[in-house]
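Read through the structure below, which is laid out as structure tokens, and then see the notes.
The first residue in the sequence is number 1, and the count goes up from there.
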Amino acid sequence: MASTQREIRTPRLLLRPITDDDVHDIFTINADPEVMKYISRPPVTDIEETRAWLADHRAGPTTFQCAVQLLHPEAEGAASEPRRVIGILGSPTFPNIGYLFHPDYQRKGYATEALRAFVPAMFGHMPRAGSAGARGYDYVQAFADTENVRSRAVLERCGFAFCGVVSGEFSSPLLGVRDSACYRLARPGESLDQVQLQTS
């Protein structure tokens, strides 16, 4: 991740740049079939796969990725040696957003809390539409499997608007060809109707 990325703090979480030291925690997340069933890549079986994925995706001119960890593990009831990284959240390529959380840390509101804090930072990092020298966007978007009810609920709680279903949007190695619900959120001060016109 570029050195200009700053940490983001919420009442319970720290969102920070991904480092090489995170590979074991992220491997544990990416190896879990339940986490990966709505993803276009299969669960990893070798930590070197995770190391290669991090090298390709954690930093770049159109990338903005964060590791998510607990600020106060003891207060959250985590184990005496808590998992350092409980999730990953970010934009693998603008303007898209995605997130994965370890099953032990799902259904606790962490994804919603992290995404609410991340989106303003992403708008500050991502060039505006019409910016000189870079392709910019005035919206962020996320795709969730139509059956991934919990992920869709996270997006809706964070103010994303449902924009329709994309049939056969991706293929899950575990579930086959899948349909995705598309969600978008406009940059503050912009109208979603206007920014959608920019993409047509």
Side-chain angles (χ1 to χ4, degrees), residues 1-39 41 43-44 47 49-51 53-60 63-92 94-126 140-145 148-160 183 185 187-188:
M1 171 90 341
S3 60
T4 55
Q5 182 181 343
R6 297 180 178 179
E7 293 180 347
I8 304 167
R9 292 175 181 260
T10 73
R12 299 185 297 170
L13 304 173
L14 172 66
L15 282 64
R16 57 164 178 77
I18 297 171
T19 72
D20 291 339
D21 292 338
D22 298 327
V23 66
H24 291 279
D25 292 339
I26 294 175
F27 169 74
T28 302
I29 295 170
N30 287 345
D32 190 296
E34 187 64 22
V35 173
M36 302 299 288
K37 72 178 182 179
Y38 294 126
I39 304 298
R41 60 184 190 276
V44 297
I47 197 168
E49 296 176 65
T50 301
R51 207 180 304 277
W53 182 85
L54 289 180
D56 289 341
H57 292 86
R58 76 180 184 186
T63 299
F64 189 50
Q65 303 267 45
C66 293
V68 182
Q69 67 182 80
L70 296 176
L71 272 177
H72 309 291
E74 301 81 6
E76 297 299 322
S80 58
E81 294 184 5
R83 185 170 289 100
R84 185 165 175 239
V85 175
I86 68 168
I88 50 178
L89 164 68
S91 176
F94 296 155
N96 299 305
I97 285 179
Y99 43 85
L100 296 173
F101 281 77
H102 190 279
D104 290 350
Y105 298 91
Q106 295 178 9
R107 302 188 181 189
K108 299 177 184 293
Y110 293 138
T112 300
E113 185 173 329
L115 184 59
R116 282 176 174 156
F118 176 81
V119 168
M122 181 168 166
F123 278 130
H125 187 83
M126 181 174 66
V140 291
Q141 72 180 7
F143 292 91
D145 189 289
N148 192 349
V149 176
R150 295 208 304 269
S151 184
R152 295 183 66 175
V154 167
L155 293 167
E156 290 166 5
R157 283 194 294 271
C158 292
F160 282 70
Y183 287 85
L185 179 66
R187 188 186 292 273

So which heavy atom on [X] is nearest to which on [Y], and how close?
| X | Y | answer |
| --- | --- | --- |
| A67 | D22 | CB-OD2, 4.0 Å |
| I26 | T50 | CG2-CG2, 3.8 Å |
| C158 | L185 | O-CD2, 4.1 Å |
| G90 | F118 | CA-CZ, 3.5 Å |
| P43 | A31 | CB-O, 3.6 Å |

Could you check whether any side-chain heavy atom of [X] comes within less than 4.5 Å of a side-chain heavy atom of [Y], counting everything from C-beta outward?
| X | Y | answer |
| --- | --- | --- |
| F123 | P188 | yes |
| L89 | L115 | yes |
| I18 | V85 | no |
| V68 | Y110 | no |
| L71 | R9 | yes |
| V140 | F160 | yes |

What's the separation between atom [atom1] in [X] and atom [atom2] in [Y], rounded to the nearest 0.5 Å?
| X | Y | atom1 | atom2 | answer |
| --- | --- | --- | --- | --- |
| I39 | N30 | CD1 | CG | 8.5 Å |
| Y183 | I97 | OH | CD1 | 14.0 Å |
| T112 | L155 | OG1 | CG | 8.5 Å |
| R51 | H24 | CZ | NE2 | 6.0 Å |
| L14 | I8 | CG | CD1 | 9.0 Å |
| H102 | L100 | NE2 | CG | 11.5 Å |

Between W53 and V44, is a side-chain contact (heavy atoms from CB on, under 4.5 Å) present by the stated rule, with each step listed?
CA-CA 10 Å; W53 182 85; V44 297; over 6 Å; no

Short question: side chain of [X], backbone of [Y] - any donor-acceptor pair under 3.5 Å?
| X | Y | answer |
| --- | --- | --- |
| D32 | I29 | no |
| Q106 | F101 | yes |
| R84 | D25 | no |
| S91 | N96 | yes |

Ring geometry between H125 and F94 (parallel below 30°, tilted from 30 to 60°, perpendicular above 60°)
perpendicular

Can you check salt bridge (Lys or Arg N to Asp or Glu O under 4.0 Å) on R116 and E113, steps first, answer last?
CA-CA 5 Å; R116 282 176 174 156; E113 185 173 329; over 6 Å; no

